[in-house]
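Counting starts at 1 for both ligands and their atoms, in listed order.
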Amino acid sequence: MIIGDRLCVEPGGTLYGDLQVPGDKSISHRAVMLGSIATGTTEITGCLMGEDVRSTIAAFSAMGVSINARENGQLSIEGRGYSGLNPPASQLDLGNSGTSMRLMAGLLAGSGMSVTMTGDQSLCARPMRRVTAPLGQMGAIVDTQPDGTPPLIITRATDLHAISYELPVASAQVKSAILLAGLRACGRTRIVEPAPTRDHTERMLRAFGAALEVVANEICIEGPQELTATSIAVPGDISSAAFFLVGAAMVEGAAVTIKNVGVNPTRIGVLEILRLMGADIELSNERSTGSEPLADLTVRGTRLTGIDIPAALVPSAIDEFPALFIAAACAKGRTRLAEAGELRHKESDRIDMMAHGLEILGVKLTTSADGIEITGSERGFRAGRVASGGDHRVAMAFAVAGLKAAGPIEITDCSAIATSYPGFVDSARQLGLKLAAI
Ligand code: S3P
């Protein structure tokens, strides 16, 4: 089903059955990017064919890379090496995709090409100095608008040099941008993380034959290095699974198994937080794609209890907080989140966007600069009309709230769901959510 602008979820129901979620968005982007600069033919299976990854595919196609992408997520990329990229004829429009823009800033910074990258209204409001500052230290010429937002303008530069950089924020996108620039730069680039963030770039660089050293919170890469084409099987996206994990966890009698989900230790904060709230989650069939671990996840509904979310779990659950706030609103007692100011810099300000909608649905809460405190109630939500602000994860989170609502919930601006989960409405209905486009 094509997702329209508005969705309506009828109250009640349960979630039951098996599901396969689409490919992991972070891993899909990286597979396309590294396949495009490797030498040889890279075959990808399970690639997410959502709008964000399509933006990355379109960008590399515009730079002369031959990419045969099928709707079922099978891609064949004819990489001609890093120097095989050609300057694009016009600016690259990356739509809603922050991952595309930030990672490509690093990847293209030393390419010797002048490239302008832009995006939609949401992307053009997101902070980019976090990548342009370290890239500038490496000798790249990358400019933003005066307020640090896109369009991002890369001016021809080839001779990048290695840097040692302590990330001021825990951000996999910034780390990855520096690593991808470090792949081209002369010398040893060293990155220190304040907390572990998703390590898909490190794993995938190795799968493409690159050497890098990871010791505790330090990652070092010696440049320049060339990549060799490989085969990548993309696991299901735990960030997409999260909506149904939360939905099933908060409804007694629900039982859902989501198959082939990526369970990289840097991404499973949502499982750990739900378990601390009392959720019954089981991992089975644990295996590996070669570079990434995956498993089947089974959730059975129980009563959830509010918790103080450990700050150490914030980076590994950073995209799952919209869904987790729905769980918190249905849990017994208070849930407190702090040290999560990064949520204000996502596709929307996810603290304010979620708080606004939750209040409309009758939830008691207070927000702070870096978090939220939600007073849960097993009564759940009242009926209402909430805005998603064009943020895919906010829209999907409010859809799941319908399971515990007293009346219909209408959600506006839902078309962005297609950026990460084009089949969301079908999946939700398949499991029993009474969701419809209106
Ligand atoms: C991503 C990293 C995270 C996450 C985003 C995808 C990635 O962003 O929120 O959806 O693929 O590297 P930050 O690195 O900015 O936290």
For the student: nearest non-hydrogen atoms of F398 and G357, plus distance: CZ-CA, 3.6 Å
Would you be so kind as to tabulate the donor-acceptor pairs closer than 3.5 Å made by side chains of residues 215-224, with sequence neighbours excluded?
| from | atom 1 | to | atom 2 | distance (Å) |
| --- | --- | --- | --- | --- |
| N217 | ND2 | E193 | O | 3.1 |
| E218 | OE1 | R190 | NE | 3.0 |
| E218 | OE2 | R190 | NH2 | 3.1 |

Might you list the protein residues in contact with ligand 1, defined as having a heavy atom under 4.0 Å from one of its atoms, sorted by chain and number? S26, R30, T99, R102, S171, A172, Q173, R198, I318, D319, K346
Do I178 and L167 come close enough that some side-chain heavy atom pair is under 4.5 Å? yes
Just checking, R184 and Y82: is the charged tip under 6.0 Å from the six-membered ring centre and within 45° of the axis? yes
Pair up each side-chain donor or acceptor in residues 242-250 with any protein partner under 3.5 Å, not counting sequence neighbours, and list the distances.
none

All side chain to side chain donor-acceptor pair (under 3.5 Å) counterparts of T41, not counting sequence neighbours: E78
